[in-house]
2 protein chains.
Amino acid sequence: MKCSTHLRDSVLVETSVYADKGCPSRKVLDRIGDTWSVMVVGSLADGPMRYTELARRISGVSPKMLTQTLRTLERDGLLTRTVHAVVPPRVDYELTGLGRSLLTLVDGLRLWAETHIDEVTEAQAAYDAR
Amino acid sequence: MKCSTHLRDSVLVETSVYADKGCPSRKVLDRIGDTWSVMVVGSLADGPMRYTELARRISGVSPKMLTQTLRTLERDGLLTRTVHAVVPPRVDYELTGLGRSLLTLVDGLRLWAETHIDEVTEAQAAYDAR
DNA sequence: CTGCATCCGGGAGGATACTG
DNA sequence: CAGTATCCTCCCGGATGCAG
């Protein structure tokens with residue numbers, strides 16, 4: 001787990017991991033780490049989707065956070081935002097190729113979650129019982 | 001990307017995704033989403049490690065957050081904490097089988113990051129240039 | 001319908017000093 | 001060495017109102 005391609009200059013930190021802010025893992029983590037981002041990407045797996053549809057599928061998200069998340073993902077090139085010049089306004093969000101390449105990870109995450117959630121829950125119960 | 005096993009009761013939200021707080025993806029997200037957690041798990045990939053060693057490899061982490069992260073991961077059954085009764089104190093942290101099963105994801109994350117970070121950076125630059 | 005602007009409270013998390 | 005305790009700041013994110 002070395003940030004081999006982004007190690008700092010100093011030889012003293014050769015063994016450091018995730019040490020550099022510029023470490024790509026760190027940057028991606030800031031994105032994947034964002035709960036809403038992952039949920040948006042996951043939701044868009046099924047295809048293009050409108051703003052309201054996303055809001056409905058991601059229960060609990062405020063308009064503010066949804067917009068903010070969508071903007072960030074758009075800026076990162078993970079999805080496209082298409083405004084249709086009609087009334088009422090219609091805006092479609094769709095994953096880019098880059099965004100879809102993330103689906104593998106997101107899916108892996110979901111799979112791990114469904115597979116191991118029980119073990120985690122048991123471990124927590126055991127820990128709390130001490 | 002349905003939380004198929006954890007859908008809410010109401011039929012009205014049948015199409016919702018990540019809607020339920022109890023959704024396992026959501027829970028795992030709270031863990032994976034945590035930057036420090038991922039870095040700790042990634043660092044421990046190489047084998048057992050002491051507190052200070054972890055602190056050194058994860059540059060920028062405060063003692064507070066490192067301890068907090070380690071406790072949470074221990075509680076979740078992702079790593080073990082072994083205290084050796086010696087002076088000076090020696091505490092080893094080691095991934096459990098469950099923790100190691102997460103390495104696949106963490107590695108996938110790192111791989112995606114290293115592979116696509118340039119595309120993301122370019123996309124950001126293009127977006128900002130508009 | 002699809003947002004943006006604004007306000008605001010709470011909690012995450014950094015810095016620092018100290019202890020068994 | 002391996003943490004704990006304390007303080008304090010910042011910003012995440014919810015609520016609300018409004019605009020195009």
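Convention: sequence-line order gives letters A, B, ...; per-chain numbering from 1.
- Among D/dG3, D/dA5, D/dG14, the nucleotide with an atom closest to any side-chain atom of B/Lys64 is D/dA5.
- Atom CG in A/Leu70 sits roughly 14 Å away from atom C1' in C/dC4 (whole-Å rounding).
- In this structure, B/Arg71 reaches the D/dT4 phosphate: one of its side-chain N or O atoms is under 4.0 Å from OP1 or OP2.
- In this structure, B/Tyr51 places its OH atom 6 Å from P of D/dG3, rounding to the nearest Å.
- Comparing C/dG14, C/dT16, C/dG3 by their nearest atom to the side chain of A/Val91 picks out C/dG3.
- At the phosphate of D/dC1, neither OP1 nor OP2 sits under 4.0 Å from any side-chain N or O atom of B/Tyr93.
- Nearer to the 5' terminus of DNA chain D, by closest-nucleotide assignment, is the contact made by B/Arg90 (compared with the other of A/Pro63 and B/Arg90).
- Atom CG in B/Leu66 sits about 14 Å away from atom P in C/dA15, given to the nearest Å.
- Donor-acceptor pairing under 3.5 Å is lacking for the side chains of A/Tyr93 and A/Thr82.
- OP1 or OP2 of D/dA2 sits under 4.0 Å from a side-chain N or O of B/Thr52.
- Protein atom CG of B/Asp34 is 17 Å distant from nucleotide atom P of C/dG11, rounded to whole Å.
- In summary, of the residues considered (A/Thr69, A/Leu73, A/Val41), a side chain to side chain contact (heavy atoms under 4.5 Å, CB included) with A/Leu79 occurs for A/Leu73 alone.
- Straight-line distance from the CH2 atom of A/Trp36 to the C1' atom of D/dG13: 9 Å, rounded to whole Å.
- Taking atom CE on A/Met65 and atom P on C/dC8, their separation rounds to 20 Å, with Å as the unit.
- Residue contacts shown for A/Pro89 include a base, since a base heavy atom lies under 4.0 Å away.
- In this entry the distance linking CD of B/Gln68 with C1' of C/dG13 reads 8 Å, nearest Å.
- In this structure, A/Glu53 pairs ionically with A/Arg56, as a charged nitrogen and a carboxylate oxygen lie closer than 4.0 Å.
- Residue-to-nucleotide proximity on DNA chain C shows that, of A/Arg81 and B/Val61, the 5′-proximal contact is made by A/Arg81.
- Look at A/Arg50 and you won't find any side-chain N or O under 4.0 angstrom from OP1 or OP2 of C/dG3.
- Residues A/Asp128 and B/Arg75 are paired through a salt bridge, judged by an N-O separation under 4.0 Å between the basic side chain and the carboxylate.
- Classification of B/Asp76 and B/Arg71 as a salt-bridged pair fails, no side-chain N sitting under 4.0 Å from a carboxylate O.
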